[in-house]
There are 2 protein chains.
Amino acid sequence: MLTRSEEDHIKAVYALLQEGESAFTKDIAECLRTKASSVTDMLKRLAEKGYLKHEPYYGAKLTAKGRSLALQLVRKHRLWETFLVERLGFGWDEVHDVAEQMEHVASDKLIDKLDAYLGRPHFDPHGDPIPDRNGKLRQRKTKRLDSCKPGETVRIAAVSETTDGLLRLLDSKGLRIGTTLAVQEVHAFDGSMDVKPKSGSAFSLSKDVSHHLQVENP
Amino acid sequence: MLTRSEEDHIKAVYALLQEGESAFTKDIAECLRTKASSVTDMLKRLAEKGYLKHEPYYGAKLTAKGRSLALQLVRKHRLWETFLVERLGFGWDEVHDVAEQMEHVASDKLIDKLDAYLGRPHFDPHGDPIPDRNGKLRQRKTKRLDSCKPGETVRIAAVSETTDGLLRLLDSKGLRIGTTLAVQEVHAFDGSMDVKPKSGSAFSLSKDVSHHLQVENP
DNA sequence: AAAATAGATTAGACCAGGCTAAACTATTGT
DNA sequence: ACAATAGTTTAGCCTGGTCTAATCTATTTT
């Protein structure tokens with residue numbers, strides 16, 4: 001049985017590797033609001049238990065065992081987020097911290113029943129894919145909104161940054177998962193972009209926002 | 001913020017006092033599967049924080065603050081049990097351990113929304129009362145089945161012992177919360193009791209079983 | 001190539017929370 | 001009344017997980 005802190009470290013390594021960055025000690029520390037020295041200790045312990053490979057001074061890589069555990073945690077986190085938003089009526093910007101606690105409840109049967117209860121969803125309220133029981137992720141071919149050209153019409157598939165501020169901003173502009181947008185113009189000066197939702201009038205999005213919106217062809 | 005272990009100790013003291021027994025160190029230790037010495041340490045810490053009064057050699061009593069906290073924990077536990085049974089389809093004998101973990105998730109908003117989602121129930125799947133937001137318990141006038149006389153007809157209101165074994169036994173005999181029974185005969189020899197459910201034929205219950213069934217007038 | 005620097009690791013301390021063993025209190029039996 | 005006993009507390013130790021300070025390694029600058 002792993003402790004909560006051990007699970008958190010594995011999740012952090014997984015999350016950092018996901019984004020293409022390598023999982024360096026200081027990044028993990030920042031991610032978990034702890035100190036680099038504590039992370040080093042933990043990486044050694046987790047390496048001994050076989051969840052990851054720790055190359056001193058060159059960061060950490062998950063083993064198959066570690067990756068599988070991380071995917072189970074992601075699965076639990078996203079299922080609970082889905083429950084909180086769809087069943088209990090939380091806003092999508094409020095659920096992260098609570099789901100963070102719930103994902104550490106240990107019971108395979110619980111997660112399987114929750115999954116069934118929610119209708120075995122493939123995506124969470126932020127549009128992120130939910131791994132299945134075996135850790136398989138359903139992939140979609142998405143791109144970032146800031147890589148789109150004027151004239152394209154796309155649907156919002158996911159938000160890749162779940163800070164409260166961004167989620168509330170999107171909410172206030174009426175941008176949800178599934179919203180369809182036409183890209184009208186991209187300004188070279190600051191990378192900002194004029195978009196027009198299917199229903200409603202056009203407005204502008206800064207690059208900071210469009211960078212974090214994953215879109216797909218409608 | 002209290003740790004999980006601190007919360008568990010407060011809950012144990014509350015539970016022991018509920019049953020009329022006084023909360024002695026060894027009982028708490030047994031209840032939490034820990035050692036008396038560890039309990040003494042914890043009682044001192046909790047007394048300093050104002051959750052209970054610790055009279056050395058004479059056990060512990062909760063303060064108002066401690067009782068209020070215990071009631072919040074009981075509320076969370078019973079609401080999660082209700083969710084697990086009514087929404088996820090768990091059997092009533094399977095939910096205790098999982099609810100034990102979920103009750104430590106900290107979010108008042110979560111509990112309030114869960115309560116609303118479940119229709120603000122007053123009793124959990126074992127028939128135990130669920131304290132409201134302010135810690136008020138709805139009381140019923142119940143008695144133990146083993147105190148009933150032949151000829152009485154009563155309804156099962158609660159099961160006061162939630163071991164898997166007892167719950168499965170009741171399940172197999174078709175005894176649920178709400179089942180109505182007629183007491184036919186009580187045998188002085190061993191305290192066993194012949195009962196007849198409204199629908200179905202009579203059978204015998206040992207005193208060990210009837211002792212843990214809370215019943216009310218139908 | 002040597003110096004400077006960013007980052008990682010080690011060493012050593014601390015705290016919470018658990019344990020065992022020994023010492024202490026209260027109660028019970030004779 | 002005093003010895004035995006049941007139960008509680010104290011003292012001291014251990015582990016997991018955190019920290020700071022000091023040291024070490026790799027990289028970048030000059």
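Order of the sequence lines fixes the chain letters, A, B, ..., with proteins taken first and strands second; residue numbering starts at 1 for each chain. Excluded from the calculations below are hydrogen atoms, water molecules and symmetry mates; all remaining heavy atoms, backbone and side chain alike, are included.
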**Request:** Could you check A:Pro56 against A:Lys35 and say which one's nearest nucleotide on DNA chain D is further toward the 5' end?
**Result:** A:Lys35
**Prompt:** Charged N to carboxylate O under 4.0 angstrom, A:Asp41 versus A:Arg45?
**Reply:** no
**side chain to side chain contact (heavy atoms under 4.5 Å, CB included) between B:Lys109 and A:Phe90, intermediate numbers included** = CA-CA 9 Å; B:Lys109 189 165 181 181; A:Phe90 275 88; 3.9 Å; yes
**Request:** With DNA chain D as reference, determine whether A:Ser37 or A:Arg4 sits nearer its 5' end, using the nearest nucleotide of each.
**Result:** A:Arg4
**Message:** Between B:Glu216 and B:Lys143 (salt bridge meaning N to carboxylate O under 4.0 Å), is one present in this structure?
**Reply:** no
**Prompt:** Taking CD1 from A:Ile10 and P from D:dG17, how many angstroms apart are they, rounded to a whole number?
**Reply:** 12 Å
**Asked** Quick one: ring pair (Phe, Tyr, Trp, His ring centres under 6.0 Å) partners of B:His187, sequence neighbours excluded?
**Response** none
**Message:** OP1 or OP2 of D:dT9 versus the side-chain N and O atoms of B:Thr40: is any pair under 4.0 Å?
**Reply:** yes
**Rounded distance (Å) that lies between atom C1' of D:dT9 and atom CG of B:Leu43** = 11 Å
**Message:** Looking at A:Lys53, I'd like to know if its NZ atom is crowded, meaning that more than 12 non-hydrogen atoms belonging to other residues, nucleotides or ligands lie closer than 6.0 Å.
**Reply:** no
**Message:** Applying a 4.0 Å non-hydrogen cut-off, can you work out what B:Ser5 is touching in the nucleic acid: base, sugar-phosphate, or nothing?
**Reply:** sugar-phosphate
**Message:** Pairing donors with acceptors under 3.5 angstrom, does anything connect the side chains of A:Ser206 and A:Asp208?
**Reply:** no
**Asked** If you round to the nearest 0.5 Å, how far is NZ of A:Lys76 from CG of A:Asp115?
**Response** 13.0 Å
Restricting both atoms to N or O, compile the protein contacts to nucleotides 23-25 of chain D shorter than 3.5 Å, with distance only.
none

**Request:** Write down the distance between NE2 (A:His9) and C1' (D:dG17), rounded to a whole number of angstrom.
**Result:** 9 Å
**Gap between atoms CE and P, on A:Met42 and D:dG16 respectively (whole Å)** = 11 Å
**Interatomic distance where CZ belongs to B:Phe24 and P belongs to D:dT9 [whole Å]** = 10 Å
**Asked** What is the 5' to 3' range of DNA chain C, first to last nucleotide, that sits under 4.0 Å from any heavy atom of chain B?
**Response** C:dG17 to C:dT27
**Message:** Does B:Asp190, at its CG atom, have more than 12 non-hydrogen atoms belonging to other residues, nucleotides or ligands within less than 6.0 Å?
**Reply:** yes
**Asked** Rounding to a whole Å, what distance do you find between A:Glu6:CD and D:dT15:P?
**Response** 16 Å
**Message:** One thing to verify: whether B:Arg120 and B:Asp112 come together as a salt bridge, which I'm taking to mean a side-chain N less than 4.0 angstrom from a carboxylate O.
**Reply:** yes
**Fill in**
Here the distance between atom P of D:dT9 and atom CG of B:Asp41, to the nearest Å, is 10 Å
